[in-house]
K.L.:
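So that we are looking at the same thing, I have put the structure below in structure tokens.
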Amino acid sequence: MRRYLLIFLLLICCGLGPVSAQFNTERITYIGRNALYFEDYMLAIQYFNRVIQVKPYLAEPYFYRSVAKLSLEDYRGAEEDASEALDRNPFIVDAYQVRGIARQNTGNYEGAIEDYTEGLRQSPENPYMLLNKAIAEVQSEQYALADSTFALLLAVHPSNYSAYVSRGQYHIIQGDTLAALEDYDKAISVDKYRAQAYAQRGVLTALYKHDYESALADIDVALRLEPNTPSYFINRAMVRYYMEDLRGAMEDYDRVIGLDPSNLIARYNRGLLSFSVGAKNDALADFDYYLQYEPDNLIARYNRAILLEDLGKYREAVADYDVVLEAYPEFYQGFYARSEAKRLSGDTAGGKKDYERAMALYEASKKGPLETNADETASRDDNDKVRKESDRNINKFDRLLVADNTVDVEQKYASEIRGRIQDRSQKVEIFPQYTLTYYEKEESVRRTPPYVSELAELNRSRLFLKPLLLSNAPQPLDSLQALQHFTSLSDYSRLIDINPSNPVPYFGRAIDYILLQDFDNALIDLNQVITLSPGYMFAYFLRGYVRCRQIDYALSTTPVETTENHSLSSLSGRDAAKSLDIGGIPESANAEYERVLRDYDAVITLAPGFAYGYYNRGNVRCARQDFKAALADYTAAIERSPEFAEAYYNRGLVYIYLGRNSEGIADLSKAGELGIVSAYSVIKRLSD
């Protein structure tokens, strides 16, 4: 990988000009920030590498590169880059935040606390640093300091949802269940449309209050709000198991494995439940999978031995029993089980010897507790139905497995730096615009793309690097893909030099620029395509998309004040209105959007059957709060592509915004039917 990155950097040098005063570091930094904002982290790193190579005395590129590395979970690299930035400029407050998060993730809690303390000296009420400082103090067991920091945070920010959730987790560590439940109640009162507090309150209610109906109701709410979270399904399965709903628990484990096939807790527990209902081959498959990844887990191996014996595979069973009993020489149940397996395999003498050993151990156990391994800390009289992952008491072999931290006390560090992820988790937004790309993100529910004749014709030409896709979820580039597209830029430039009147290489190069987050140069090339070929529909389509990306990035640096006319008063004051975000821009952006609308008007004129032109224009009209026109566009898109899920979803949100809830819910239901799982969460909000 290092060799490829070196080649990549050398290629940038060749493609963008020699290292000289003419190298525009401000522009490269700008493009890198574009890439960072749109979560294209690997590409962002390459741009900042280039700036650092030319001007290593600048603080900004180190800081931005640290953000990209943090987002990629390269914590050591993020810490080093944040330190470099602070060495050059100790007043970059966010650099303390980045370095603090990186240090927390590597266990350097004291260093993180120092960073947050310095950051708070410069920005005393910063909620992210106050929260992370409190978490670091808990992690370093400085509980008195954590109490003070949480108190200060909530005094300054009394509606901070994450603060209540984190303090609830802190109370669990301290064993104060009632205080934890109070914090989760408060978090839910602050924002009842976020899942974490429901999920954790549900687990506490099950484990400590044994109120399984209430626990189940809480976890159900969490799953409606975040329907693809494996840990919530695992916790609901545990509650259903307590309620003796084995079928429901099995369904939850199936769902977890569908979302995360390598989830070992789900594999282990599904294996146990499958065995209990007689699905022995299914159970064996799960334990085989589990032991591939945890070959030293002797409790899992003992369960597999029992299964193998039941399936008549006696020699394989004996081999597993041998491994278990070598570690647990006082486990009389194991000797009895092995005695049967040996007898059935034809080893009568061995079976008799094991039986006698089992009986002797059993008689001894009735006289008093036996010496056990150091990790067998739980009582044999413990009648719980579950055991924790770290509990290696072999006598609990028939219990379901739960994580050591069943209630998630692993802290999620707060950061306003990592793109717009936090906003996205709290708001319901329309699905974004479509573009042309070579790469698309994997979806949780894969939908079959509709046939688009215009795209098929474009791809039949075989003029471009590979077949193009219409997508509203383009995949960020990795380093090798970035290398490929920088090479492609050079190739297209040579073709343009040979024949500057041919629009095709300009169009291909524009796509490369878009993938490389260089929107200014993409726009120049698309303008040239339209000059040379005014009837080229996709050039207008991409130009509208590029202009929207430029507007989006420009607005990200200009906070928009929330006003009354931006809220969904049509929902009769319901809290759901506060979390729906489908329009509202500064007046200054309207002129730019006019140019975008003219591009999409041209798309529709040139290709009146192209649904994506109407869809993208509808999104622009939403941004300008021209909702009636947006409705017309989404309807036109659906008429041309009747299974256009995102168009149904966006139209549903617009209907709701306008107070036409029944029509909105109908559209959201259709979007859910077509594969947009989050539509059901919105429907739930509206029904509260």
Side-chain angles (χ1 to χ4, degrees), residues 35 38-40 43 431-443 446-478 480-493 495-496 502-519 521-530 532-549 596 599-600 602-604 606-617 619 637 640-641 643-647:
F38 291 111
E39 300 179 16
D40 201 342
L43 180 62
F431 273 85
Q433 290 184 305
Y434 272 78
T435 185
L436 290 175
T437 184
Y438 299 117
Y439 315 101
E440 186 175 34
K441 291 178 182 176
E442 289 294 323
E443 296 175 323
R446 172 57 58 188
R447 301 190 296 274
T448 303
Y451 175 79
V452 180
S453 60
E454 295 86 355
L455 179 64
E457 183 180 350
L458 186 67
N459 283 328
R460 275 196 297 271
S461 70
R462 299 182 182 275
L463 293 170
F464 305 107
L465 196 64
K466 57 183 72 176
L468 286 159
L469 307 167
L470 273 165
S471 176
N472 65 349
Q475 175 68 44
L477 303 182
D478 61 31
L480 294 181
Q481 289 166 340
L483 169 62
Q484 185 179 29
H485 288 286
F486 274 107
T487 303
S488 178
L489 282 180
S490 300
D491 292 341
Y492 281 125
S493 296
L495 290 174
I496 290 167
N502 181 359
V504 172
Y506 289 102
F507 188 75
R509 191 170 68 175
I511 293 172
D512 286 333
Y513 277 130
I514 292 169
L515 290 169
L516 294 165
Q517 306 290 346
D518 187 348
F519 300 126
N521 275 324
L523 191 59
I524 292 169
D525 275 351
L526 291 169
N527 288 338
Q528 186 65 19
V529 173
I530 290 167
L532 294 170
S533 182
Y536 200 4
M537 178 272 288
F538 276 116
Y540 294 98
F541 183 72
L542 275 186
R543 190 169 71 175
Y545 173 79
V546 167
R547 284 173 166 165
C548 280
R549 296 285 270 192
V596 177
D599 277 336
Y600 290 133
V603 170
I604 290 165
L606 292 166
F610 184 58
Y612 297 89
Y614 296 95
Y615 172 88
N616 279 12
R617 190 172 70 177
N619 276 20
R640 287 155 179 79
S641 181
E643 295 194 349
F644 199 157
E646 290 88 349

K.L.:
How long is the straight-line distance from CZ of F38 back to CD of Q517, given to the nearest 0.5 Å?
P.N.:
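Going from CD on Q517 over to CZ on F38, the span is 6.5 Å.
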
K.L.:
I'd like to know if the side chain of Q481 and the backbone of D478 have a donor-acceptor N/O pair within less than 3.5 Å.
P.N.:
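Indeed, once roles are kept as given, a pair shorter than 3.5 Å links the two residues.
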
K.L.:
In terms of ring plane angle, is the pair F541 and F538 parallel, tilted or perpendicular, where the classes change at 30° and 60°?
P.N.:
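Answer is perpendicular, since the angle exceeds 60°.
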
K.L.:
Which of these, D525, L526, I530, sits in a side-chain contact (heavy atoms from CB on, under 4.5 Å) with F507?
P.N.:
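The residue from D525, L526, I530 that satisfies side-chain contact (heavy atoms from CB on, under 4.5 Å) with F507 turns out to be L526.
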
K.L.:
Check the pair N472, Q433 against side chain to side chain contact (heavy atoms under 4.5 Å, CB included), reporting the backbone distance first and the verdict last.
P.N.:
CA-CA 5 Å; N472 65 349; Q433 290 184 305; over 6 Å; no

K.L.:
How far does OH of Y438 sit from CD1 of I511, to the nearest 0.5 angstrom?
P.N.:
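Result: 4.5 Å between the selected atoms.
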
K.L.:
Any donor and acceptor pair, going by atom type alone, linking the side chain of N502 with main-chain N or O of I496 inside 3.5 Å?
P.N.:
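Not a single qualifying donor-acceptor pair exists.
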
K.L.:
State the CZ-CG distance between R547 and L523, to the nearest 0.5 angstrom.
P.N.:
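Here the rounded value is 5.5 Å.
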
K.L.:
Would you say the ring centers of Y540 and Y600 fall short of 6.0 Å from each other?
P.N.:
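No, ring centres 6.0 Å or more apart.
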
K.L.:
Using 0.5 Å steps for rounding, measure from the CG atom of L469 to the OH atom of Y439.
P.N.:
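One finds 10.0 Å between CG of L469 and OH of Y439.
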
K.L.:
Looking only at non-hydrogen atoms, find the nearest pair between P503 and V529 and report the distance.
P.N.:
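Reported closest heavy-atom pair: O-CG2, 3.6 Å.
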
K.L.:
When rounded to the nearest 0.5 angstrom, what distance separates CG in L542 from CD1 in I514?
P.N.:
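These two atoms lie 4.5 Å from each other.
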
K.L.:
Between the side chain of S641 and the main-chain N/O of A637, is any donor-acceptor distance below 3.5 Å?
P.N.:
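Flag not set: sc S641 to bb A637 has no pair under 3.5 Å.
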
K.L.:
Hey, is the main chain of L468 close enough, under 3.5 Å, to the side chain of N459 for a donor-acceptor pair?
P.N.:
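Present.
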
K.L.:
Determine, stepwise, if the pair Q475 / K441 fulfils side chain to side chain contact (heavy atoms under 4.5 Å, CB included).
P.N.:
CA-CA 5 Å; Q475 175 68 44; K441 291 178 182 176; 3.2 Å; yes

K.L.:
Looking at Y434 and A473, would you say the former's side chain and the latter's main chain have a donor-acceptor pair under 3.5 Å?
P.N.:
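Not a single qualifying donor-acceptor pair exists.
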
K.L.:
For P505 and L495, which heavy atoms make the closest approach, and how far apart are they?
P.N.:
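Here P505 and L495 meet closest at CB-CB, 4.0 Å.
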
K.L.:
Indicate, with yes or no, if the rings of H485 and Y492 have centres closer together than 6.0 Å.
P.N.:
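So the answer is no for these two rings.
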
K.L.:
Indicate yes or no: at least one non-hydrogen side-chain atom of V603 is less than 4.5 angstrom from one of F610.
P.N.:
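Yes; the side chains approach each other to less than 4.5 Å.
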
K.L.:
Do F464 and V504 have side-chain heavy atoms sitting under 4.5 Å apart?
P.N.:
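Yes - at least one pair of side-chain heavy atoms lies under 4.5 Å apart.
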
K.L.:
May I ask you to decide if G544's main-chain N or O and N616's side chain share a donor-acceptor pair within less than 3.5 Å?
P.N.:
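No.
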
K.L.:
Return the minimal non-hydrogen interatomic distance between P474 and S471, and the atom names on each side.
P.N.:
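Scanning both residues completely, I find the closest heavy atoms to be N-OG, 3.7 Å.
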
K.L.:
Determine whether the aromatic ring centres of residues Y615 and F644 are separated by less than 6.0 angstrom.
P.N.:
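Close enough - the centres of the two rings lie under 6.0 Å apart.
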
K.L.:
Could you walk me through whether L515 and T437 pass the side chain to side chain contact (heavy atoms under 4.5 Å, CB included) test, one step at a time?
P.N.:
CA-CA 7 Å; L515 290 169; T437 184; 3.5 Å; yes

K.L.:
Within the structure provided, determine whether Y614 and R640 are in side-chain contact (heavy-atom separation under 4.5 Å).
P.N.:
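Yes, side chains in contact.
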
K.L.:
Quick one: closest heavy-atom pair of P432 and N619, and the distance?
P.N.:
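The answer is C-ND2, 3.4 Å.
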
K.L.:
Taking side chain as C-beta onward, heavy atoms only, is L470 less than 4.5 Å from L436?
P.N.:
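A side-chain contact exists here, since the closest heavy-atom pair is under 4.5 Å.
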
K.L.:
Start with the C-alpha gap between R543 and V546, add the side-chain angles, then the distance that decides, and say whether side chain to side chain contact (heavy atoms under 4.5 Å, CB included) holds.
P.N.:
CA-CA 5 Å; R543 190 169 71 175; V546 167; 5.7 Å; no

K.L.:
Nearest 0.5 Å please: distance from the CG atom of L489 over to the CG atom of D512.
P.N.:
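One gets 5.0 Å once the value is rounded to the nearest 0.5 Å.
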
K.L.:
State whether the side chain of R509 and the backbone N or O of A522 hold a donor-acceptor pair below 3.5 Å, judged by distance alone.
P.N.:
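Checking the backbone N and O of A522 against the side chain of R509, no donor-acceptor pair under 3.5 Å is found.
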
K.L.:
Keeping S488 on the side-chain end and Q484 on the backbone end, is there a donor-acceptor pair under 3.5 Å?
P.N.:
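The answer is no, because no donor-acceptor pair under 3.5 Å joins these two groups.
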
K.L.:
Taking all non-hydrogen atoms of both residues, which atom of C548 and which atom of V596 are closest, and how far apart?
P.N.:
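Taking C548 first and V596 second, the nearest heavy atoms are SG-CG1, 3.5 Å.
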
